[in-house]
Amino acid sequence: MAVTIPRTALYALRVLQALFALILIGVTAYMVHTYRTYSLLETPPLISLPLSTSIFALLFAIAGLFIQPLVSAALDFCMFVLYLASAILLRHNYHTHNVHNPLWNALVAIRAGAGEDPRRSRHGGLVKMLAAGVVLQIFLFFVTMIIAALIARRERAQGVRVSGPRHGV
């Protein structure tokens, strides 16, 4: 009973991690598409790092339901560090007004330079969603790292060797 409540919370947070990773994959994939379609420039790391991290986060959030809590905590730490690096790369894009966000300026300029509609309002919302999603994932992976470490510690103290939804622990 003592392990059931934290494990249930961990599973719920894993579902949220997977959902937000899907959202971030969609947002960053659109930005990559914009760069590749309307520009000869390489996709900047502030887009490609959150994209690759979100792909790994989606895979891990699903796999995290079935692996040992200690391994899960270690992988949570890795995802936490990768999202923290993404937040550092996005540090200049947390402004309320779009004109102060360099990523927004680049996306609008790329489309306008190609003679397309710059879609100013769409890009503003996407840049803000990217920044907010990365910060939210940092929080979620930090919390799941702590919960998984506590579950692993408690299971080790109780002498439980197997864990996961199929074992009823």
Side-chain angles (χ1 to χ4, degrees), residues 2-36 41-95 101-103 106-107 125-169:
V3 179
T4 308
I5 294 172
R7 192 173 295 275
T8 304
L10 185 64
Y11 293 156
L13 290 172
R14 293 276 182 230
V15 170
L16 287 175
Q17 286 172 342
L19 290 175
F20 287 116
L22 275 174
I23 291 169
L24 286 174
I25 289 170
V27 168
T28 53
Y30 175 78
M31 291 178 181
V32 167
H33 169 73
T34 299
Y35 264 88
R36 290 194 176 166
L41 301 172
E42 290 287 322
T43 305
L46 67 122
I47 295 173
S48 58
L49 181 62
L51 175 62
S52 58
T53 303
S54 295
I55 291 170
F56 287 125
L58 177 64
L59 297 173
F60 170 66
I62 294 168
L65 298 171
F66 304 105
I67 60 177
Q68 296 290 329
L70 191 58
V71 175
S72 175
L75 290 174
D76 278 333
F77 178 73
C78 293
M79 290 290 109
F80 171 76
V81 169
L82 286 171
Y83 273 119
L84 196 60
S86 297
I88 291 169
L89 287 176
L90 287 165
R91 70 186 174 275
H92 298 295
N93 293 291
Y94 292 109
H95 300 287
N101 293 329
L103 182 56
L107 290 169
L126 289 176
V127 170
K128 290 174 185 174
M129 187 182 299
L130 174 62
V134 166
V135 170
L136 188 60
Q137 288 287 66
I138 289 171
F139 174 75
L140 287 173
F141 277 102
F142 180 76
V143 170
T144 55
M145 176 181 59
I146 300 299
I147 292 173
L150 290 174
I151 290 172
R153 182 178 175 195
R154 191 173 290 164
E155 284 181 354
R156 194 170 107 193
Q158 293 175 354
V160 177
R161 296 225 180 230
V162 292
S163 64
R166 63 188 175 277
H167 297 292
V169 175

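Note that the structure is predicted; figures quoted are calculated from it, not measured. Counting begins at 1 with the first residue of the sequence.
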Euclidean distance, [Y] [atom2] relative to [X] [atom1], rounded to 0.5 Å:
X      : Y      : atom1 : atom2 : result
Ser86  : Ile47  : OG    : CD1   : 11.5 Å
Leu84  : Met79  : CG    : CE    : 13.0 Å
Leu130 : Leu90  : CG    : CG    : 5.0 Å
Ile23  : Thr28  : CD1   : OG1   : 11.5 Å
Leu140 : Asp76  : CG    : CG    : 10.0 Å
Arg14  : Thr144 : CZ    : OG1   : 4.5 Å

> Okay, side chain of Arg156, backbone of Arg153: is any donor-acceptor separation there less than 3.5 Å?
Replying inline: no
>> Whether the side chain of Thr53 engages the backbone of Leu49 through a donor-acceptor N/O pair (distance < 3.5 Å, no angle test) should be reported.
In response: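 Looks like yes, one N/O pair under 3.5 Å.
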>> Regarding Glu155 and Arg7, does a basic nitrogen lie under 4.0 Å from an acidic carboxylate oxygen?
In response: yes
> Would a 4.5 Å heavy-atom cut-off, applied to side chains only, mark Pro6 and Leu150 as touching?
Replying inline: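 Of all side-chain heavy-atom pairs linking Leu150 with Pro6, none is under 4.5 Å.
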> Does Cys78 reach the side chain of Phe141, with side-chain heavy atoms less than 4.5 Å apart?
Replying inline: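 Cys78 does not reach Phe141 side chain to side chain.
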Minimum heavy-atom distance between [X] and [Y], given as atom pair plus value:
X      : Y     : value
Leu103 : Asn93 : N-OD1, 2.9 Å
Ala149 : Ala73 : N-CB, 3.9 Å
Glu42  : Tyr35 : O-CD2, 3.8 Å
Leu89  : Pro45 : CD1-O, 3.7 Å
Ser54  : Leu24 : OG-CB, 3.3 Å
Val134 : Ala87 : CG1-N, 3.7 Å

>> For His33, give me all partners under side chain to side chain donor-acceptor pair (under 3.5 Å), at least two apart in sequence or on another chain.
In response: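 With neighbours one apart ignored, the set is Thr37.
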>> If you count heavy atoms of other groups shown closer than 6.0 angstrom to CG of Leu70, is the number above 12?
In response: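 12 or below, so no.
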> Does atom OH of Tyr94 have more than 12 heavy-atom neighbours, drawn from other residues, nucleotides or ligands, at distances under 6.0 Å?
Replying inline: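 It does: Tyr94 OH has more than 12 such atoms within range.
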> Run the side-chain contact (heavy atoms from CB on, under 4.5 Å) check on Met31 and Thr34 step by step: do they pass?
Replying inline: CA-CA 5 Å; Met31 291 178 181; Thr34 299; 5.5 Å; no
Without placing hydrogens or testing angles, list every side-chain donor-acceptor pair under 3.5 Å for residues 55-66, not counting sequence neighbours.
none

